[in-house]
Amino acid sequence: MPRELPELRPGAERRLVLAASTGGHLAQLVRLAPGLGAAADSLWITFPTAQSESLLAGRNVLHVPYIRPREGLQIARAFRSILPRLRSDHFDAAVSTGSALALAALPAAHLAGIPTLYIESVSRVNGPSVSGRVLAAMRFAQLRTQHPGWAGGRWGTHPSVFSAFRMVPRAVQGEGRARLFITLGTLRGYPFHSIVDRVLELGLADDHTVWQLGETEPTVELPGQVHRELPARDFERYAREADVVITHAGVGSVLGLLEMGIAPIAVVRRRSRGEHVDDHQQQLAGLMKSSGIGFAVEVDELCPEVVAAAARVRVETDPGTTGESGTSLSRP
């Protein structure tokens, strides 16, 4: 049976281990941490990237080498580096939002005598990920989903990180071509050539377009400014200056843009094209459509009409629905 996590009293804080792979998993955990009662000296465990350096600046961080999806040997190595750190200090609980790093950090916390909680990614609309299924089979962690529709058994529910947002109209600046910021995330080993080809096919890009391509090496010269990765400050500046942001349907990218007040066009990566390890981005796209937040499309659905629609809206945060209030770490 999972070990009980300590109850959180109103206004109280606790020293947590907060572990997540970079990208959407880390972005979600950063947003959820205040509602979990994370104290300032909580320990964050993640990969060293521009995103983690920006989100976790000034915090207590243990960096471990990057773990590619479903790389068992790299998970074992991370486990061996994390366990001594957790055994040498005191923590009230350990929480992870995945993905592969959860399979290293939560077992290490369990062996160190720390109660554990796994919160499944909001992108998993229909059921748990591979990491979630593995942790469920190991039976030592408390488990939560952000989608009540598939909760049950050992899976409790947790407020969704998307519950705080709503889309509202905004004034369109001018009648010319929309200024685009195209950001494809930084997922290693999975280029996203199809979206680049689609943007070029439609003639949407021009000299004002800014590209952040990650692992996608362009096969032709692209119009505008082209970057592989951007520091957080530059990323935010380009996103805010753009009329429309086109991104991949990754939780981290979408969540970060929503928090800036931007309604992105999120384009789904497909496993069949070698763009991701599986097709879970389709689930996030479905969630965005049902929630009315942003614009989620397949590659061949991207068109000038979607770009024009995205230019006419922005995102607001509803202060009454933060996805954090009322959260506790007691048994679900």
Side-chain angles (χ1 to χ4, degrees), residues 2-65 67 78-122 131 135 140-144 146 156 158-159 161 164 232 251-252 255-256 259 322-332:
R3 183 179 171 189
E4 290 285 350
L5 278 69
E7 190 74 37
L8 179 64
R9 299 184 305 277
E13 291 185 338
R14 55 190 152 200
R15 197 158 185 253
L16 301 178
V17 176
L18 298 159
S21 300
T22 46
H25 303 282
L26 180 59
Q28 290 176 78
L29 192 53
V30 168
R31 183 166 184 83
L32 294 172
L36 295 166
D41 60 346
S42 293
L43 175 66
W44 292 81
I45 304 176
T46 191
F47 310 138
T49 67
Q51 181 211 27
S52 63
E53 290 173 5
S54 173
L55 288 178
L56 304 179
R59 307 195 198 197
N60 183 21
V61 182
L62 171 63
H63 285 128
V64 298
I67 303 173
F79 168 85
R80 288 196 295 269
S81 69
I82 293 168
L83 182 58
R85 176 69 176 84
L86 301 190
R87 280 179 164 166
S88 67
D89 207 340
H90 170 76
F91 298 97
D92 298 305
V95 184
S96 180
T97 47
S99 56
L101 191 52
L103 299 180
L106 292 189
H110 177 63
L111 287 181
I114 303 169
T116 58
L117 169 65
Y118 177 74
I119 303 173
E120 185 58 271
S121 172
V122 73
S131 295
L135 288 166
F140 64 80
Q142 290 189 29
L143 307 170
R144 292 186 187 166
Q146 298 182 59
H158 197 91
V161 292
V251 176
L255 183 59
E259 290 180 333
T322 65
E324 296 169 358
S325 59
T327 300
S328 73
L329 287 178
S330 59
R331 182 186 293 277

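Side chains are part of it too, since the values below use all heavy atoms of this structure and drop only hydrogens, waters and symmetry mates.
Checking side-chain atoms of Gln146 against main-chain N and O of Val161 turns up a donor-acceptor pair under 3.5 Å. For the pair Thr46 (side chain) and Ala20 (backbone), a donor-acceptor distance under 3.5 Å is present. At least one donor-acceptor pair closer than 3.5 Å links the side chain of Gln28 to the backbone N or O of Val122. A distance-only check finds no donor-acceptor pair linking the side chain of Gln142 to the backbone of Tyr118 [under 3.5 Å]. Listed for the Arg14 side chain is a donor-acceptor partner under 3.5 Å among the backbone atoms of Leu36.
Contact detail for Val64 and Ser81: the closest heavy-atom pair is CG1-OG, 3.7 Å. Across every non-hydrogen atom of Ala109 and Thr116, the tightest pair is CB-CG2, 3.7 Å. Nearest heavy atom pair, residue Ala108 against residue Leu86, reads C-CD1, 4.0 Å. Minimum interatomic distance between Ala112 and Arg87 (heavy atoms only, all atoms of both residues): CB-CG, 3.9 Å. Scanning both residues, Leu18 and Ser42, for their nearest heavy atoms gives CD1-CB, 4.0 Å.
By the 4.5 Å heavy-atom criterion applied to side chains, Glu120 and Leu143 are not counted as neighbours. By the 4.5 Å heavy-atom criterion applied to side chains, Phe140 and Leu135 are counted as neighbours. Proximity of Arg85 to Ile45: side-chain heavy atoms (C-beta onward) are nowhere separated by under 4.5 Å. Proximity of Leu43 to Phe91: side-chain heavy atoms (C-beta onward) are separated by under 4.5 Å at one or more points.
Distance check, rounded to the nearest 0.5 Å: OG of Ser21 to CG of Leu26 gives 9.0 Å.
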List the atom pairs, donor and acceptor, that lie under 3.5 Å between side-chain atoms in residues 94-107 and the rest of the protein, sequence neighbours left out.
unit_1 : atom_1 : unit_2 : atom_2 : d
Ser96  : OG     : Ala19  : O      : 2.7
Ser96  : OG     : Gly98  : N      : 3.0
Thr97  : OG1    : His25  : O      : 2.7

Output a table of donor-acceptor pairs, distance under 3.5 Å, between side-chain atoms of residues 49-56 and any protein atom two or more places apart or on a different chain; print 'none' if there are none.
unit_1 : atom_1 : unit_2 : atom_2 : d
Thr49  : OG1    : Gln51  : N      : 3.3
Thr49  : OG1    : Ser52  : N      : 3.1
Thr49  : OG1    : Ser52  : OG     : 3.4
Gln51  : OE1    : Gly23  : N      : 2.7
Gln51  : NE2    : Gly23  : O      : 3.0
Ser52  : OG     : Phe47  : O      : 2.7
Ser52  : OG     : Thr49  : N      : 3.0
Ser52  : OG     : Thr49  : O      : 3.1

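Asp89 has a carboxylate O that lies under 4.0 Å from a charged side-chain N of Arg15, or vice versa, which qualifies the two as a salt bridge.
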